[in-house]
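So you know, we letter chains A, B, ... as the sequences are listed, proteins then strands, and number each from 1. Below, all heavy atoms of this structure are taken into account, side chains as well, without hydrogens, waters or symmetry copies.
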Amino acid sequence: MNIFRLTGDLSHLAAIIILLLKIWKTRSCAGISGKSQILFALVFTTRYLDLLTSFISLYNTSMKFIYIGCAYATVYMIYAKFKATYDGNHDTFRVEFLVVPIGGLAFLVNHDFSPLEILWTFSIYLESVAILPQLFMISKTGEAETITTHYLFFLGLYRALYLMNWIWRFYFEGFFDMIAIVAGVVQTILYCDFFYLYVTKVLKGKKLSLPA
Amino acid sequence: DSATTEKDEL
């Protein structure tokens, strides 16, 4: 465990908690893509099936349970508890265009052709693009609440820190996982445009709104 | 290529 890995995990946790608290405090999930949140729940479910087969550490196990629990709590809030505030009309990204090709790719490009490994690979590929419905929704409405942008910032920062972690691990441990690295690079690139807007607008106290 | 067994990352 190096500093990039730890801060990456904490950044990921911060993002998840910020989103949950935003929905809970405002009693509203306006501006949040339920589709992205379903994809993230699917990502955690397919990736952490190894909870049933192997024990890494107390840290590892607890974080997995927290991520899965929070992901389903978020989906529950959007599609059940605060359903009336969910802006489904703007959440129109066609997720089957992501899930189906990624399922195929996970079958074709993986480390080992076994069920758990294919599901893990699927989760890595899916995570890299799971934010697209949310970004699509923002581009459609042309704006995002500031708290939503903080969520996106920490979520993007997390994978960028993991990239640093992988560079660290390559140099100091000789460890590298090509599938995770390539997907992680794709995932981080998807946030670059957003990072730019976050720094130039939100951090200067302005609301994130896109030109019409 | 790399570890297919133990996934210590999240």
- [ ] Please indicate whether A:Y171 has more than 12 foreign heavy atoms, meaning atoms of other residues, nucleotides or ligands, lying under 6.0 Å from its OH.
- [x] no
Task: Residue A:F65 excluded, over 12 heavy atoms near CZ under 6.0 Å - done: no
Open item on the list: Against B:L10, only a single residue in A:N60, A:I66, A:I56 fulfils side-chain contact (heavy atoms from CB on, under 4.5 Å); can you say which?
Closed with: A:N60
Task: Rounded distance (nearest 0.5 Å) linking atom CZ of A:R5 with atom CG of B:D8 - done: 6.0 Å
TODO: State, with a plain yes or no, whether a side-chain heavy atom of B:E9 is found less than 4.5 Å away from one of A:D177.
DONE: no
Open item on the list: Can you tell me which portion of A:F44 sits under 4.5 Å from chain B's heavy atoms? Options are side chain, backbone, both or neither.
Closed with: neither
- [ ] For A:M164, look at atom CE and say whether over 12 heavy atoms of other residues, nucleotides or ligands are found less than 6.0 Å away.
- [x] no
Open item on the list: Just checking A:F154: does its CZ atom have more than 12 heavy atoms from other residues, nucleotides or ligands closer to it than 6.0 angstrom?
Closed with: no
TODO: Could you pull out the closest heavy-atom pair between B:K7 and A:E117, with the gap in Å?
DONE: NZ-OE2, 3.0 Å
Open item on the list: Would you say that more than 12 heavy atoms from the other residues, nucleotides or ligands in this model lie under 6.0 Å from the NZ of A:K140, or not?
Closed with: yes
